[in-house]
Amino acid sequence: MCGIVGYAGARPALNIVLDGLRRLEYRGYDSAGVAIVDGGLFTAKRAGKLANLEKALQDEAGLSAGTTGIGHTRWATHGGPTDRNAHPHRSADGRVAVIHNGIIENFAKLRAELEASGIEFASDTDTECAAHLLAIELQTAVGDTPGARLAEAMRAVCRRLEGAFTLLAVDVQAPGVVVGARRNSPLVVGRGTGENYLASDVSAFIEHTREAVELGQDQVVLISADDIVITDFHGAAAEGRPFHIDWDASAAEKSGYEYFMLKEIAEQPHAVAETLLGRLNEHGDLMLDEVRLTDQDLRDVDKVFIVACGTAYHSGMVAKYAIEHWTRIPCEVELASEFRYRDPVLDRSTLVVAISQSGETMDTLMALRHAKEQKARVLAICNTNGSTIPRESDAVLYTHAGPEIAVASTKAFLTQLVACYLVGLHLAQVRGVKYADEVAAVVAQLQEMPGKVEQVLDMMEPIRLLARELAEAKSVLFIGRHVSYPVALEGALKLKELAYMHAEGFAAGELKHGPIALIDHGTPVVCVVPSPRGRGVLHDKVVSNIQEVRARGARTIVIAEEGDTAVAPYADHLFYVPVTPTLLAPLVTTVPLQVLACEIASARGHDVDQPRNLAKSVTVE
Ligand code: F6R
């Protein structure tokens, strides 16, 4: 959702804040704004992408001297994406400026109260309430220094707010200080030398420091050039968890690629290899990253629920096949946004696996908390150190994909698949249903996957050419069976979100129960075909489904395993992927679908990295 950055140090803040916003723009790009304490309080904000704000700032003179600042890039919730609704919002007396990520749920009540006291609102946002309340609290706040008083006022405001929020504030009377607060929404501290940072994620300050501090739930933090002071909402001293960021600024750059998405697709072999690195110890046992569960806890598990959203949900659908096959434990996959509302049956022998690239997706976080309230064990698969979901889980397996900047998830998906396979194998091993050598054999197959993904990437030129032909299609359908069914869903999701085209994924066997009526002359149907080896029966069934759609006029685009000649007569376009074990096939079959969606979107002239209406990391429910 929104991107947030704050700086307190000795250097001019404006460019540092703008650079941070550039790196955070993937979180939201409806509007952007900055506030700099510079003797007075300078604010500037503009609807549209960051470039609009930068252009407006070019016309301003003498702004760059202030060494304390905050900046925001927005994904609109309350109030449309206009100049007046862009952040920062100032208090009525002009003393403080506030930026916010999240939703203040009791904002209507607070706004009515503030308006009744004579305050006129300058925007339609929930955030503006926080700015006015902060200025009111500052009038009576006690503290030894102006910064301490700002932090005290922020705590008082937070105690009145309901919902999810990260807030940053600057006060014209507290130069050199930025105060932040968080509840259910991300905020990390960057620890520099003679300067400190606050941001929604570390990419905002990675170019300046790789030392970060993770904040806990319901905490307020004050940063100045030399100090970081953390308390809870009642003023009790609190500790953050320091961590080192193990990637550098270049990982968050396009490095010559036209889009981040293209770069991230190309990085997949490396990301898969990194996620596998060091997973087997000297006894052949699989290693997770953080485990606050005993082996006995895992042996007691009698049911697995996977909760996730969007692309992460699709990786969970693949995991279900692997986990049930390897462990023989029943496994359900649930959309996180639905999970807690249907009152699932959970207890301490249930393992809930929460999958999230960002570690901040509110739907997934709420599903996780619901599971914990019911005493279930929670294991997180996550790509973001310092985020909320792993912190609140009993065990964590990090995907080492590096930062994913493009809004559409690619390398995170492949690494989530790898992590899911590892969780399945770990469970199987701990429970004694697989011997160490059996686990090692699958791990060895997994170790071959980076090379196979690389081979697929080397064969993408024909897909790119086809994408240009399909750019004008009205609708594209995707079909698959078994683990290829979630791959079909993922292919359709990528096309929808990037190319704004109608696209749907189906279990191939379901077509005849209704969706086959969609097929018209020339309708492109992408068919993901299982291996003819192993579960050959699946292969033959899908080949029949391809014949069915072709008989009704479909243009068939077939992704099949090398050497699968049986499918060739029914393919208008045939793309081979390397021979791969059945359960691991999504690691190779997904890649052409990512490239197809990216190229169609680009051919249609869309911004591949920042599709309309979307934002990375959805921190509202
Ligand atoms: C689609 C996409 C989204 C995310 C979903 C969950 O390309 O990126 O569907 O997968 O919003 O996000 P995380 O994994 O951060 O919880």
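Remember, it's 1-based here, ligands and their atoms both numbered in the order they're listed. This chain uses plain numbering: 1 for the first residue, then up along the sequence. Below, each value reflects all heavy atoms present in this structure, side chains not excepted, and no hydrogens, waters or symmetry copies.
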Looking at [atom], what's its closest protein heavy atom, distance included?
{"atom": "atom 11 (O) of ligand 1", "answer": "Val618 CG2, 4.2 Å"}
{"atom": "atom 14 (O) of ligand 1", "answer": "Gln357 N, 2.6 Å"}
{"atom": "atom 3 (C) of ligand 1", "answer": "Thr311 N, 4.0 Å"}
{"atom": "atom 6 (C) of ligand 1", "answer": "Cys309 O, 3.4 Å"}

Any atoms of ligand 1 less than 4.0 Å from a non-hydrogen atom of [X]? List them with their elements.
{"X": "Val407", "value": "8 (O)"}
{"X": "Ser358", "value": "13 (P), 15 (O), 16 (O)"}
{"X": "Gly310", "value": "9 (O)"}
{"X": "Lys494", "value": "1 (C), 7 (O)"}
{"X": "Thr361", "value": "12 (O), 13 (P), 15 (O), 16 (O)"}
{"X": "Ala312", "value": "10 (O), 14 (O)"}
{"X": "Ser356", "value": "13 (P), 14 (O), 15 (O), 16 (O)"}

Pairing of [X] and [Y] as salt bridge, 4.0 angstrom limit:
{"X": "Arg292", "Y": "Asp297", "result": "no"}
{"X": "Glu510", "Y": "Arg481", "result": "no"}
{"X": "Glu338", "Y": "Arg342", "result": "no"}
{"X": "Lys49", "Y": "Glu25", "result": "no"}

Query raised in the report: Would you call Glu360 a ligand 1 contact, heavy-atom distance under 4.0 Å?
Result: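 In this structure, Glu360 fails to qualify as a contact of ligand 1 - no heavy atom is under 4.0 Å.
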
Report task. Assess Thr384 for proximity to ligand 1: is some non-hydrogen atom of it under 4.0 Å away? Result ->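 No, that is not the case, since the closest heavy atom of the residue is not under 4.0 Å from the ligand.
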
Report task. Heavy-atom distances under 4.0 Å are what count here, so tell me which part of Glu497 touches ligand 1: side chain, backbone, both or neither. Result ->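 Within the 4.0 Å criterion, Glu497 contacts ligand 1 through side-chain atoms alone.
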
Should we say atom [atom1] of [X] is surrounded by more than 12 heavy atoms from elsewhere, each under 6.0 Å from it?
{"X": "His573", "atom1": "NE2", "value": "yes"}
{"X": "Arg191", "atom1": "CZ", "value": "no"}
{"X": "Glu461", "atom1": "CD", "value": "yes"}

Requested in this report: Verify the ring-centre separation between Phe339 and Phe305: is it less than 6.0 angstrom?
Outcome: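 Yes, the ring centres sit under 6.0 Å apart.
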
Query raised in the report: Is the distance between the ring centroids of Phe413 and His314 less than 6.0 Å?
Result: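 No, too far apart.
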
